[in-house]
There are 2 protein chains.
Amino acid sequence: MNARERLVEAAQDLLWERGYVGTSPRAIQDRAGAGQGSMYHHFTGKADLARTALQRTADRERAGAEVLLGGGGTALDRLTGYLRRERQVLRGCPVGRHAQDPDLVADPELRAPLETTFTWLRGRLAEVVAEGQQAGELRADVDPAAVAAALVATVQGGYVLARSAGRPEPFAEATEGAVALLAALAR
Amino acid sequence: MNARERLVEAAQDLLWERGYVGTSPRAIQDRAGAGQGSMYHHFTGKADLARTALQRTADRERAGAEVLLGGGGTALDRLTGYLRRERQVLRGCPVGRHAQDPDLVADPELRAPLETTFTWLRGRLAEVVAEGQQAGELRADVDPAAVAAALVATVQGGYVLARSAGRPEPFAEATEGAVALLAALAR
DNA sequence: GTCTATAGATTGATAGAC
DNA sequence: GTCTATCAATCTATAGAC
């Protein structure tokens, strides 16, 4: 693998683990086995490399979610599948974790992967909720977009609860609560 | 106000805005109008001051939530009130925002205010859900603790969605979705 | 209790050889 | 394309005067 590629992957790992402020160019170079000159040859600086890495992480997450949401099963099955999907809970969400970083959200180019990912995800889940309503699986008197936003937020907030507790259980408790609430929409 | 107090309040502000890694002792001193010597006289270092500030922020949030949850109204009213409570959405949650900081969660003393706050909050909301079930307002066939975790997570995740979007609306959409799901438990 | 001076390490970036 | 050397600024903390 070439140096550029190693730099992007090292940046993806470190951004997930340490965030944008917590990740130094030096640390990325060390993990990638590349020198200063190499990094500044391929990228204009830290922000440029971070943007590339973040975009790639966002694309990966989106593709992974689409496999679930566009797969087989009833709408309720797919929504439940999204909530119960296996995740590395204590590592946090590789996309959503950056929402708290003031420098990252202040830069439109760095925030773009976050905005795109969650706008798409909310819209995609809303489609599935609407499908469920049309199929008569779910009550039709709720706003699909609002329910979708609540489900995405439950997952993102689940990471917050688990990391705050230092253990993964609160994440599962939150998503199971969402599954139960969703089931009430089906009765 | 004395220097110690000014340092704690300056640290509370900066930790909320910039997080732990993003806040330097120097920046706290500047905002507090205190010198290096003053800060290191009252606190052993950055972590000690941050712990004090974070604990105070957590106590304030808990007291604010208890006013709502222990107030009047039906259980459903109080749960809805928690979800719809006015918040400074784009600033993020002053407690939950720290869950993504690897240095903070790695230090048990710094993580303690987060763990305590959310453990209490989940438990307190679970009590209200259980009250609602006993009063016949809410269906009794769901786990109160799971529903409570889902509601807290919706709020925490709502911050993530709003900050990722650069606008507050996704927060309100998520909490309204949770309100709608909760209403389905009442029918 | 508060100040200034100082310290060693790290940050993010540039220069220039090869 | 990659390396080493260097840079000014900042980080967190300590020392010691007052």
Side-chain angles (χ1 to χ4, degrees), chain A residues 1-56 97-98 100-111, chain B residues 1-56 97-98 100-111:
Chain A
M1 193 167 33
N2 62 29
R4 188 192 148 90
E5 197 58 25
R6 292 200 312 275
L7 283 163
V8 173
E9 295 192 5
Q12 287 185 277
D13 286 351
L14 284 168
L15 286 172
W16 188 357
E17 187 182 333
R18 311 246 349 131
Y20 184 69
V21 201
T23 299
S24 68
R26 174 67 192 277
I28 300 173
Q29 294 151 21
D30 286 352
R31 177 172 299 215
Q36 299 265 81
S38 186
M39 186 192 121
Y40 285 99
H41 171 74
H42 292 291
F43 302 94
T44 65
K46 175 182 174 175
D48 185 34
L49 172 50
R51 192 180 39 70
T52 304
L54 212 50
Q55 183 61 58
R56 189 176 299 186
R97 61 122 45 243
H98 298 291
Q100 305 305 336
D101 192 305
D103 293 339
L104 192 143
V105 298
D107 181 335
E109 300 225 322
L110 282 171
R111 185 168 58 79
Chain B
M1 194 167 33
N2 63 29
R4 187 192 149 90
E5 197 59 24
R6 292 200 313 274
L7 283 163
V8 173
E9 295 191 6
Q12 285 185 279
D13 286 351
L14 284 168
L15 285 172
W16 188 357
E17 186 183 333
R18 312 246 349 132
Y20 183 68
V21 202
T23 299
S24 68
R26 175 65 193 279
I28 299 173
Q29 295 152 22
D30 286 352
R31 178 172 297 215
Q36 299 265 83
S38 188
M39 186 191 122
Y40 285 100
H41 170 74
H42 292 291
F43 303 94
T44 65
K46 175 181 174 175
D48 185 32
L49 172 50
R51 192 180 40 68
T52 304
L54 211 50
Q55 184 61 59
R56 188 175 300 186
R97 63 120 46 243
H98 298 291
Q100 305 305 337
D101 192 304
D103 292 339
L104 192 143
V105 297
D107 180 336
E109 299 226 321
L110 282 170
R111 184 167 60 77

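Quick caveat, the model's predicted, so the values are computed rather than measured. Just so it is clear: chains get the letters A, B, ... in the order the sequence lines come, proteins before strands, and each one is counted from 1.
Contact detail for B:L15 and B:A53: the closest heavy-atom pair is CD1-CB, 4.0 Å. When all heavy atoms are compared, the tightest approach of B:R97 to B:G19 is NH1-CA, 3.3 Å. Of all the heavy atoms in B:L7 and B:I28, the pair that sits closest is O-CG2, 3.7 Å.
A search for side chain to side chain contact (heavy atoms under 4.5 Å, CB included) contacts involving A:Q55 returns A:D59, A:P113, not counting sequence neighbours. Here B:R111 pairs with B:V105, B:E115 under the side chain to side chain contact (heavy atoms under 4.5 Å, CB included) rule; sequence neighbours left out.
Nucleotides of DNA chain D that come within less than 4.0 Å of any heavy atom of chain B span, from the 5' end to the 3' end, D:dC11 to D:dT14.
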Extract from the structure each pairing of a protein N or O with an N or O of nucleotides 13-15 of chain C at less than 3.5 Å, listing the distance.
from	atom 1	to	atom 2	distance (Å)
C:dA13	OP2	A:Y40	OH	3.1
C:dA13	OP2	A:K46	N	3.1
C:dA13	N7	A:Q36	NE2	3.4
C:dA13	N6	A:Q36	NE2	2.1

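In this structure, the separation between OG1 on A:T52 and CD on A:E109 is 10.0 Å, given to the nearest 0.5 Å. We find the OG-CG distance between B:S24 and B:L14 to be 8.0 Å, quoted to the nearest 0.5 Å.
Within residues 8-15 of chain B, no residue approaches DNA chain D, by heavy-atom distance under 4.0 Å.
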Atom pairs and distances, side-chain donor-acceptor, residues 31-46 of chain A, under 3.5 Å, sequence neighbours left out:
from	atom 1	to	atom 2	distance (Å)
A:Q36	OE1	A:Q29	NE2	2.9
A:K46	NZ	A:Y20	O	2.9
A:K46	NZ	A:T23	O	2.9

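Dashed line: the shortest gap from a side-chain N or O of A:S24 to OP1 or OP2 of C:dT11 is under 4.0 Å.
Here the P atom of nucleotide C:dT11 and the CD atom of A:Q29 are 10 Å apart, to the nearest Å. Between A:D103 atom CG and C:dT11 atom C1' the separation is 13 Å, expressed in whole Å.
Between A:L110 and A:D101 the shortest side-chain heavy-atom distance does not fall below 4.5 Å.
Judged by distance alone, with hydrogens and angles left aside, the side-chain atoms of B:R6 form a donor-acceptor pair with the main-chain N or O of B:M1 at under 3.5 Å.
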